[in-house]
Amino acid sequence: MAKAWSGRFAEPVSDLVKRYTASVFFDQRMAPQDIRGSLAHAKMLARQGIIAQDDFAAIERGMAQIAAEIAAGTFVWNLDDEDVHLNIEKRLIALIGDAGKRLHTGRSRNDQVATDIRLWLRDGIDSIDTLLSDFIRALLDVAAQHAATPMPGFTHLQVAQPVTFGHHLLAYVEMLRRDRERFVDCRKRVNRLPLGAAALAGTTFPIDRAFVASELGFDCICENSLDAVSDRDFAIEFCAAASLVMVHLSRFSEELILWMNPRVGFIDLADRFCTGSSIMPQKKNPDVPELARGKSGRVFGHLMGLLTLMKGQPLAYNKDNQEDKEPLFDTADTLIDTLRIFADMVTGIQVKPEAMAAALRQGYATATDLADYLVKKGLPFRDAHEAVARAVRTAELKGCDLADLSLTELQDFSPLVGDDVFGVLSVVGSLAARDHPGGTAPNQVMAAIVRLRTTL
Ligand code: ARG
């Protein structure tokens with residue numbers, strides 16, 4: 001069977017080269033976008049009198065059948081026809097004859113593929129946006145249940161100050177909200193129409209690009225034909241935004257793994273997200289967070305791959321760009337699956353407030369509160385810091401918490417200490433005192449949740 005471009009060639013390509021240069025086995029998933037793009041192009045050609053209305057009607061009919069065949073799994077994808085574009089075009093010609101041969105008028109696979117990827121990625125971004133918002137909603141629900149549940153906040157992975165578990169979760173909500181913003185912003189640059197650029201220089205036919213753009217829901221056209229067919233910066237941006245989501249999810253994963261460790265025991269994950277060991281009967285391993293942490297690597301790799309793919313390419317289209325698809329698809333697939341699982345997983349987190357409280361009792365988490373207390377009584381902060389450091393040393397030697405020292409013992413470190421000090425040393429008092437927007441006071445956490453829910 002002759003290749004679509006074989007007229008000028010004296011010998012056929014070898015089987016190895018055929019396989020090496022083909023993309024049909026991974027780009028066939030863009031078939032719905034390819035058909036959509038072709039229909040918009042054909043409609044415009046007919047409107048402009050470049051092809052006959054009857055041809056357009058035949059193309060619509062043929063494409064409807066092809067779409068049905070693909071959906072039913074009966075469409076035969078053929079390696080000889082290289083990619084999704086030529087496979088569909090060939091089938092169209094088999095179904096409707098000459099009208100099918102007219103479809104490619106004023107178009108090239110170069111602007112066709114760039115259009116297909118943008119349509120595909122736009123759908124991907126929209127799914128991701130929905131999933132991010134589902135995940136945020138799930139986090140907010142758990143945060144609302146634990147707006148007042150004390151846990152140790154950490155710096156350097158050591159107990160630092162009390163926070164609430166709800167407040168801790170809201171930190172991730174903020175990260176994910178910025179992730180959403182990045183995708184919304186990226187979508188603006190994805191949603192521009194390359195079609196009409198043809199191979200690289202535009203076309204001699206009187207096309208109407210604005211019409212095609214509006215048919216396909218693009219915000220505008222790509223303004224320069226050379227740029228339209230060649231740059232994949234929008235895909236790189238997408239992978240960068242996806243990489244940052246994976247950074248955030250890997251941080252969250254790391255915490256889930258740590259919290260679930262029997263030595264910490266702050267939470268338990270539902271059994272359906274964990275697996276056992278084939279040899280150690282006691283194990284319940286946090287496989288899902290570990291895998292999410294690991295899968296961040298492949299997403300960062302795809303970002304690096306696409307940057308390297310694009311770097312140094314001369315204008316305009318080069319076959320290098322065919323390599324953009326697998327990393328892009330895998331990035332979107334990985335992110336979509338991970339977000340789906342996480343929204344479900346956080347809902348099933350079983351929080352263990354007693355373990356969090358026990359950890360708080362061991363880390364002198366209210367030492368800063370004691371220093372602030374002394375400052376409010378008139379001591380300069382540096383002196384207060386020193387006095388409290390000595391108190392912590394004494395408590396450490398005695399093996400007790402600051403709150404377990406007696407009033408007279410505390411007064412040894414500063415005469416400014418009064419019997420109101422114990423309210424300050426309590427976890428509840430410490431939390432309630434951080435009462436400003438962005439602080440961990442339970443009423444502030446609850447107010448933040450209410451505010452954040454209105455943004456979804
Ligand atoms: N399969 C190709 C790709 O993914 C389509 C464009 C081919 N264009 C060309 N001039 N060979 O980039």
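Start at 1 and go down the list; that is how both ligands and their atoms are numbered.
Distances between N or O atoms of His85 and those of ligand 1 include no value under 3.5 Å. Remark: ligand 1 and Asn321 share no N or O pair separated by less than 3.5 Å (distance only, no angle test). Annotation: Arg232 places no N or O atom under 3.5 Å from an N or O atom of ligand 1; distance criterion only.
Relative to the ring axis of Phe329, Arg29 places its NZ or CZ within 45° and under 6.0 Å from the centre. Seen from the ring of Phe56, Arg47 does not count as a face-on cation partner, given the 6.0 Å and 45° thresholds.
Although no hydrogens or angles enter the test, the distance criterion places a donor-acceptor pair under 3.5 Å between the side chain of Gln313 and the main chain of Leu309.
Close approach of ligand 1 to Gln322 (heavy-atom distance below 4.0 Å) involves ligand atoms 1 (N), 2 (C), 3 (C), 4 (O), 12 (O). Heavy-atom contacts of Ser23 reach the following atoms of ligand 1: 1 (N) (cutoff under 4.0 Å). For ligand 1, the atoms lying closer than 4.0 Å to a non-hydrogen atom of Asp83 are 1 (N), 2 (C), 5 (C).
If you look at Phe238 and Phe183, their ring centroids are closer than 6.0 Å.
The protein heavy-atom contact nearest to atom 11 (N) of ligand 1 is Arg109 NH2, 3.7 Å. Of the protein's non-hydrogen atoms, Asn110 OD1, 3.1 Å is the one closest to atom 10 (N) of ligand 1. The protein atom (non-hydrogen) at minimum distance from atom 6 (C) of ligand 1 is Tyr317 OH, 3.5 Å.
Salt bridge absent: Glu89 and Lys101 never bring a charged side-chain N and a carboxylate O closer than 4.0 Å. Ionic pairing of Asp219 and Arg192 is not present here: no N-O contact between side-chain nitrogen and carboxylate oxygen is shorter than 4.0 angstrom.
Counting heavy-atom neighbours within 6.0 Å of Lys319 NZ, excluding the residue itself, gives a total above 12.
Within the 4.0 Å heavy-atom shell around ligand 1 one finds Lys325.
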